[in-house]
A.B. asks: 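Questions regarding the structure given below will be posed in turn.
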Amino acid sequence: MATRRDNIELVWSISELSSLFEKKTNIDGFLQDVVDRIAEHMQSDVCSIYLLDETTRSLMLRATRGLDPASVGAVHLDVGEGITGTAVKELRPIREARASRNPDYKYIPDTREEQYESFLAVPIRRGLNRIGALVAQHRRPDQFTRQDTRALQAIAGQLASTLENVEMLMELHAGPGDRVSPAAARLPTIPCHPASEGIAVGSIMHLHPLDGSTEGSLELVHDDEERAFREALERTDGQLEAIQRELDERIADLANLIFASHLLMLRDEEFSGQMISAIRDGARAHDAIRQIVGRYVDLLSASTNPRTREKTHDIRDLGQRLLRNLRGDADEHGDLRGRVVIAHEMFPSDLVRVSAQHVEGVILTGGGTTAHLSILARSLEVPAVLLRSADDADLHDGDLVAIDAYEGLIHRDPPDAVLEQFRLAREAHRGEGARVAPSPATTSNGVRVELLANVNILHDVEVAVRVGATGIGLYRSEFPFLVRNDFPSEAEQYRIYHRITERIGDGPIVLRTLDVGGDKLFSDTQHLESNPFLGLRGIRFSLAHPELFDEQLRAMLRAGAGCDLRILFPMISSVDEFRLAKGHVDAVLADLADEGLPHHREPRLGIMVELPSAIECSDDLAAEVDFMSVGSNDLVMYLLAVDRANEQVESLYEPHHPAVFRALARVIASARRHGTPISICGEAGGDPAMIRFLIGCGLRSISADPARIPAIRSAIATISSTEAEDFARRITALPTVDAVAACIAERR
Ligand code: PEP
Ligand code: MG
């Protein structure tokens with residue numbers, strides 16, 4: 001029997017296989033490799049993969065080791081049929097010591113599987129999407145262990161991502177004529193490779209190469225070719241000098257490296273002299289440029305010295321600039337604000353140029369200089385990503401995109417919510433002041449208030465660090481789910497959480513479990529509810545989908561090893577619900593310990609206080625949980641029964657309502673009574689009047705969007721905690737919204 005260690009190796013080996021697959025064209029060969037490896041590692045007599053056929057909605061045997069090879073492509077199972085079909089239908093693994101005793105067991109004739117008693121089937125799924133099943137069988141009864149189940153699940157997770165790409169890849173290999181689904185070519189989110197981290201929002205602009213492919217457009221005949229050439233030469237010289245001047249000091253050395261050699265070459269009489277001679281011999285200016293540049297490129301690329309060979313880029317770059325200037329291209333000095341440039345090949349100087357022109361971001365679709373370009377893009381702070389092929393992404397000039405160059409995603413026509421997050425993140429990044437050392441805020445009378453950051457996308461972590469947040473008070477883990485409209489696998493979630501935990505170091509890191517539902521909907525995967533805000537939201541969704549919940553908890557606990565990890569459950573309405581959620585954490589902790597995987601062993605578990613029921617039970621909850629975080633955004637909505645997205649009632653969404661103040665005072669008092677740490681992570685935490693009130697009630701921790709932290713820090717510095725106590729007492733006694741407004745105005 002395979003040991004646990006073998007299983008971990010097996011997972012690695014499959015993930016390696018998955019990455020290799022990207023280079024292959026044959027899915028059946030790939031699947032066969034996978035079953036062969038699994039069967040060998042697990043020493044099982046049989047390993048098979050079934051995939052769901054979208055048209056027939058049945059599971060087809062696509063690869064097997066051990067069953068009759070002739071049954072591949074011939075055996076079908078309905079979802080829900082047999083043990084395998086049941087595992088897929090119910091999205092849970094099924095392990096049987098004696099398969100024939102399971103009432104669901106269905107012997108498939110011609111496969112000769114009746115000889116195998118041990119049966120282990122795990123679904124291959126992407127979130128709630130069923131993709132297929134992975135099945136291991138063995139002659140000897142009771143062969144498979146829990147660890148085998150786990151290993152097979154991990155492999156199924158790995159396969160799910162690969163198989164998802166299979167369809168797309170198959171299409172690419174099929175060629176344009178055979179493409180089956182045009183929808184796939186216009187994916188709302190295009191995966192890409194991060195080259196230079198950052199966030200960019202803008203409309204697409206193609207940067208066309210001026211090589212042979214655009215020759216036609218350059219067939220300009222000048223009255224006086226030599227004069228036209230000399231003018232282009234002069235313009236180029238002026239531009240190179242101007243670009244060098246325009247670039248700020250930070251990259252002056254870098255820019256110099258590029259442009260000094262360009263200038264040197266340009267001013268080299270030999271270089272331009274040969275072009276002029278060619279023109280005098282009757283060549284047109286653009287042909288003369290191409291001819292001489294070509295000659296230099298050939299010469300340099302024949303060199304045995306790699307550094308000399310690299311110079312060919314400079315020569316070609318310079319040649320292109322000359323050609324552009326000969327053509328009188330207007331974009332040389334254009335402003336690229338609001339633009340995301342997409343280019344098949346980009347030279348370092350192109351990148352510096354577009355950076356100087358304030359481009360928002362860059363998408364590269366090929367070319368050989370990517371490694372250098374990435375480094376340069378990072379220094380220039382130009383977010384950049386690499387895309388395998390522009391055709392696959394089908395991006396056109398003018399298309400609005402949001403690039404997440406942290407994660408490697410291009411969002412096409414991003415929804416407003418995503419756009420807003422990106423804009424905020426980008427502005428925060430640009431509008432940064434000086435870097436602040438991590439520190440709490442202090443009231444005018446010396447009381448410290450912890451300042452934590454709300455994080456939606458990884459970029460926020462950088463801003464959080466810059467503004468001196470002492471930790472992460474709320475990581476909205478649903479964000480990667482929502483922007484992709486998909487469920488990332490455990491491995492993908494782990495990678496994201498790990499990026500946060502490794503960046504934050506000592507401070508607290510509060511990871512909130514999935515908070516979908518309400519207005520945070522997946523377009524395809526969630527059922528329409530007539531009243532989504534009162535439906536399967538937050539913790540209810542997680543508890544209803546334990547397989548997703550556990551997967552997320554595993555990713556969080558693994559990423560949190562060695563950190564001050566805190567796990568926050570959204571939409572908790574009772575102690576009972578908290579206990580159910582905690583039960584999952586306990587079970588996952590036991591599994592991780594069993595598997596010997598590094599993980600956080602004693603995470604603090606907390607709740608969002610955002611429902612009226614949680615306020616009513618705040619004393620009991622405070623006694624039970626490790627920490628509380630007030631979600632004022634939802635609390636105001638549920639307390640006042642106002643949907644702020646509904647314009648008929650939006651004016652009734654009033655955070656300064658007496659009920660809100662009293663609810664806040666009550667929950668803070670409960671927390672203090674039980675010594676339970678409490679913070680606020682809703683937007684009210686950024687409102688100066690509310691901050692005064694909260695400090696007056698005894699709250700000493702605020703989590704807010706990092707961009708708002710500097711303003712919150714300044715607001716706190718003007719507040720005296722003793723005066724704030726008096727303010728809070730007065731506010732909680734007021735009967736009307738008007739009276740509250742008057743009291744706040746009086747204090748200004
Ligand atoms: C809140 O409800 O205040 C909160 C912080 O959670 P979210 O905005 O993510 O619902
Ligand atoms: Mg909320």
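The model shown is predicted, which means the values in this text are computed figures rather than measured ones. Atoms within each ligand, like the ligands themselves, are counted from 1 in listed order.
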A.B. asks: Going by the rule salt bridge (charged side-chain N to carboxylate O under 4.0 Å, His left out), which residues pair with Arg672 if we only count those two or more places apart in sequence or in a different chain?
C.D. replies: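 With sequence neighbours excluded, Arg672 shows a salt bridge (charged side-chain N to carboxylate O under 4.0 Å, His left out) to no residue whatsoever.
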
A.B. asks: Ligand 1 versus Arg476, non-hydrogen atoms closer than 4.0 Å: side chain, backbone, both, neither?
C.D. replies: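 Looking at Arg476 and ligand 1, just side chain atoms fall under 4.0 Å.
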
A.B. asks: Assess Met637 for proximity to ligand 1: is some non-hydrogen atom of it under 4.0 Å away?
C.D. replies: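 Heavy atoms of Met637 never come under 4.0 Å of ligand 1.
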
A.B. asks: The criterion is side chain to side chain donor-acceptor pair (under 3.5 Å); which residues satisfy it with Asn456, sequence neighbours excluded?
C.D. replies: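 Gln421, Arg476.
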
A.B. asks: Would you say Glu610 reaches the Mg ion (ligand 2) with an N/O/S atom under 2.8 Å?
C.D. replies: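 Looking at Glu610, which is the residue asked about, there is an N, O or S atom under 2.8 Å from the Mg ion (ligand 2).
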
A.B. asks: Considering only heavy atoms of Met608, which atoms of ligand 1 have at least one such atom less than 4.0 Å away?
C.D. replies: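 So the atoms of ligand 1 that pass are 4 (C), 5 (C), 6 (O).
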
A.B. asks: Output yes when Glu462 and Arg503 qualify as a salt bridge under the 4.0 Å nitrogen-oxygen rule, no when they do not.
C.D. replies: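 Yes, Glu462 and Arg503 are salt-bridged.
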
A.B. asks: With the Mg ion (ligand 2) as the reference point, give the N/O/S atom of Asp634 that is nearest.
C.D. replies: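 So the atom name we want here is OD2.
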
A.B. asks: Any non-hydrogen atom of Arg512 lying under 4.0 Å from ligand 1?
C.D. replies: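 Heavy atoms of Arg512 do come under 4.0 Å of ligand 1.
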
A.B. asks: By number and element, which atoms of ligand 1 are closer than 4.0 Å to a non-hydrogen atom of Asp515?
C.D. replies: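 Counting atoms of ligand 1 from 1, those under 4.0 Å from Asp515 are 10 (O).
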
A.B. asks: With atoms numbered from 1 as shown, which atoms in ligand 1 lie under 4.0 angstrom from a non-hydrogen atom of Glu610?
C.D. replies: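 Listed by number with element, the hits are 1 (C), 2 (O).
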
A.B. asks: What class does the angle between the rings of Phe549 and His584 fall in, given that below 30° is parallel, 30 to 60° is tilted and above 60° is perpendicular?
C.D. replies: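 The arrangement is tilted - the two ring planes meet at 30° to 60°.
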
A.B. asks: Check each heavy atom of Leu635 against ligand 1 and say whether those closer than 4.0 Å belong to the side chain, the backbone, both or neither.
C.D. replies: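 Neither part.
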
A.B. asks: I need the atoms of ligand 1 closer than 4.0 Å to a non-hydrogen atom of Cys681, numbered in the order shown.
C.D. replies: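 Heavy-atom distances to Cys681 below 4.0 Å select 5 (C).
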
A.B. asks: Just distances here: any N/O of Asp634 and N/O of ligand 1 closer than 3.5 Å?
C.D. replies: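 N/O-N/O distance under 3.5 Å: yes.
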
A.B. asks: Around atom CG of Asn531, are there more than 12 heavy atoms from other residues, nucleotides or ligands closer than 6.0 Å?
C.D. replies: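 More than 12 heavy atoms, drawn from other residues, nucleotides or ligands, come within 6.0 Å of this atom.
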
A.B. asks: Please tell me whether Ser679 and Glu450 have a donor and an acceptor in their side chains that are separated by less than 3.5 angstrom.
C.D. replies: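 There is no such pair (donor and acceptor under 3.5 Å, judged by atom type) between the side chains of Ser679 and Glu450.
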
A.B. asks: Checking side-chain polar atoms at under 3.5 Å, does Ser573 have a donor or acceptor matched by the opposite partner on Ser613?
C.D. replies: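 Judged by distance alone, the side chains do not pair up.
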
A.B. asks: Just checking, is any N or O donor in the side chain of Glu492 or Ser489 under 3.5 Å from an acceptor N or O on the other one?
C.D. replies: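 Yes.
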
